[in-house]
Amino acid sequence: MENNIDEIIVQYDNYMPPISEPMARALEAIRAPQADTRALSRLLMQDTILASKTFKLVNSSYFGASSKQLASINKALMSLGAMKVKNIIIALVLQKLYDDEGPENLFNHSIACATACEFLANEYKTINPDDAFILGFLHDIGMLILKSKHGEEYINLYKECGGDFQMLLRVEREHYGISHCELGAKLCEKWSMPAILVDTIMHHHYPKSAKIPFAAGIVYLADRIVSIKPESMELEQDVLDYLQVSLGDTTGAREKIMARTNIFLKELSDF
């Protein structure tokens, strides 16, 4: 029987994650086409732990930091660019939500995917690398809602799929009539996120169906390159042809991306 997606989504309204003040500020930053340096400065001044994490990252080799340390947010914004610092702050603000509400290692995978998206966007010049980072970081946010409503049942289903996300999509629809992609897109739509983000989250496993296929395609490629089970995430040739992408050494690219990701995660391990 064909399920009505709109009717199913209504059942999840009460399971949308609550928005804290820092989250509200982070979401507002995503909506803004440009980073508001004053708003970012205020956010960091109000949260000493967030500020400490941010400074640790901006002064790390993740950003290719030199021996000259950046001592203030304003210097970091000028040196690295406001959009890069904004992306890091958004990821750090949402880290607790990912860790508390998502499957195990969702935050780590999301950072890896964000880093891969940034890498691929630089490589293929299809979309802005700063935009690509956020698309990659938020692509699986729908899993938070499924876990919130179904608890350990969803976590067990997730584990049984063993990193095979095509299988996961099938299992999600069989059990709940809806996938994490559809729920994630609906959540971001509810949060008034940009249309490119909603479209990419909805179609990141099937970028040929997206309104902006190059954006969804970057996430499709990144998700597979950093998958915990790469052998089950074969890249479909028709998608590569559609995106006009020819991938070379994916193993080498994965190693570079994961090394950069591990720097990010290591810098947070002290907190």
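Because the structure is predicted, anything quoted here is derived from the model rather than measured.
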request  = For Lys208, enumerate each residue passing the salt bridge (Lys or Arg N to Asp or Glu O under 4.0 Å) test, keeping only those at least two apart in sequence or located in another chain.
outcome  = Asp238
key: Side-chain heavy-atom pair Ile88, Phe63 within 4.5 angstrom cut-off   = yes
task = For Gln11, enumerate each residue passing the side chain to side chain donor-acceptor pair (under 3.5 Å) test, keeping only those at least two apart in sequence or located in another chain.
result = none
query = Taking the side chain as C-beta and beyond, is there a heavy-atom pair between Leu187 and Pro17 under 4.5 Å?
reply = yes
message = Once side chain to side chain contact (heavy atoms under 4.5 Å, CB included) is applied, do any residues pair with Ser192, and if so which ones, sequence neighbours excluded?
response = Arg31
remark   = With His150 as partner, the option from Tyr15, Tyr158, Tyr12 fulfilling ring-ring contact (aromatic ring centres under 6.0 Å, His included) is Tyr12
key: For Glu160, all residues meeting salt bridge (Lys or Arg N to Asp or Glu O under 4.0 Å), sequence neighbours excluded   = none
request  = Name all residues meeting the ring pair (Phe, Tyr, Trp, His ring centres under 6.0 Å) criterion together with Phe119; count only those two or more places apart in sequence or in a different chain, and write none if there are none.
outcome  = none
request  = Check whether any side-chain heavy atom of Asp131 lies under 4.5 Å from a side-chain heavy atom of Leu197, and answer yes or no.
outcome  = no
inquiry  = Looking at Ile212, is its backbone amide N or carbonyl O close enough to the side chain of Asp199 to form a donor-acceptor pair, meaning the two atoms are under 3.5 Å apart?
reply    = yes
task = Just jot down the side chain to side chain donor-acceptor pair (under 3.5 Å) partners of Tyr242, sequence neighbours excluded, or say none.
result = none
query = So, the side chain of Thr200 versus the backbone of Ile196: is there a donor-acceptor pair under 3.5 Å, distance only?
reply = yes
task = Step through the shown structure and confirm whether more than 12 heavy atoms of other residues, nucleotides or ligands are within 6.0 Å of CD on Glu104.
result = no
key: For Ser179, side chain to side chain contact (heavy atoms under 4.5 Å, CB included) partners two or more places apart   = Leu169, Glu172, Arg173, Cys181, Glu182
remark   = Residues at least two apart in sequence or cross-chain that pass side chain to side chain contact (heavy atoms under 4.5 Å, CB included) with Thr48, listed by chain then number, are none
note = Residues at least two apart in sequence or cross-chain that pass salt bridge (Lys or Arg N to Asp or Glu O under 4.0 Å) with Glu267, listed by chain then number, are Lys56
inquiry  = Return the NZ to CD1 distance between Lys186 and Ile201, rounded to the nearest 0.5 Å.
reply    = 13.5 Å
inquiry  = So Leu106 and Asp99, do their side chains get closer than 4.5 Å, heavy atoms only?
reply    = no
task = Inspect the surroundings of CD in Gln237 and state if more than 12 heavy atoms from other residues, nucleotides or ligands are less than 6.0 Å away.
result = yes
query = Strictly under 6.0 Å, is that where the ring centroids of Phe165 and His139 end up?
reply = no
task = Indicate yes or no for a side-chain donor-acceptor contact from Asp130 to the backbone of Met83 under 3.5 Å, with no hydrogens or angles considered.
result = no
task = For Pro129, check side chain to side chain contact (heavy atoms under 4.5 Å, CB included) against everything at least two apart and list the hits.
result = Glu118, Ala121, Asn122
query = How are the rings of Phe264 and Phe107 set to each other: parallel, tilted or perpendicular (split at 30° and 60°)?
reply = tilted
task = List in chain and number order the residues that pass salt bridge (Lys or Arg N to Asp or Glu O under 4.0 Å) with Asp100, two or more places apart in sequence or in another chain; answer none if no residue qualifies.
result = Lys96
ask   = Going only through I, L, V, M, F, W and Y residues with side-chain contacts under 4.5 Å, is there a path from Phe137 to Ile127?
value = yes
key: Sequence-distant partners of Lys147, side chain to side chain donor-acceptor pair (under 3.5 Å), two or more places apart   = none
Side chains of Tyr62 and Thr115 in contact at under 4.5 Å (non-hydrogen atoms) = yes
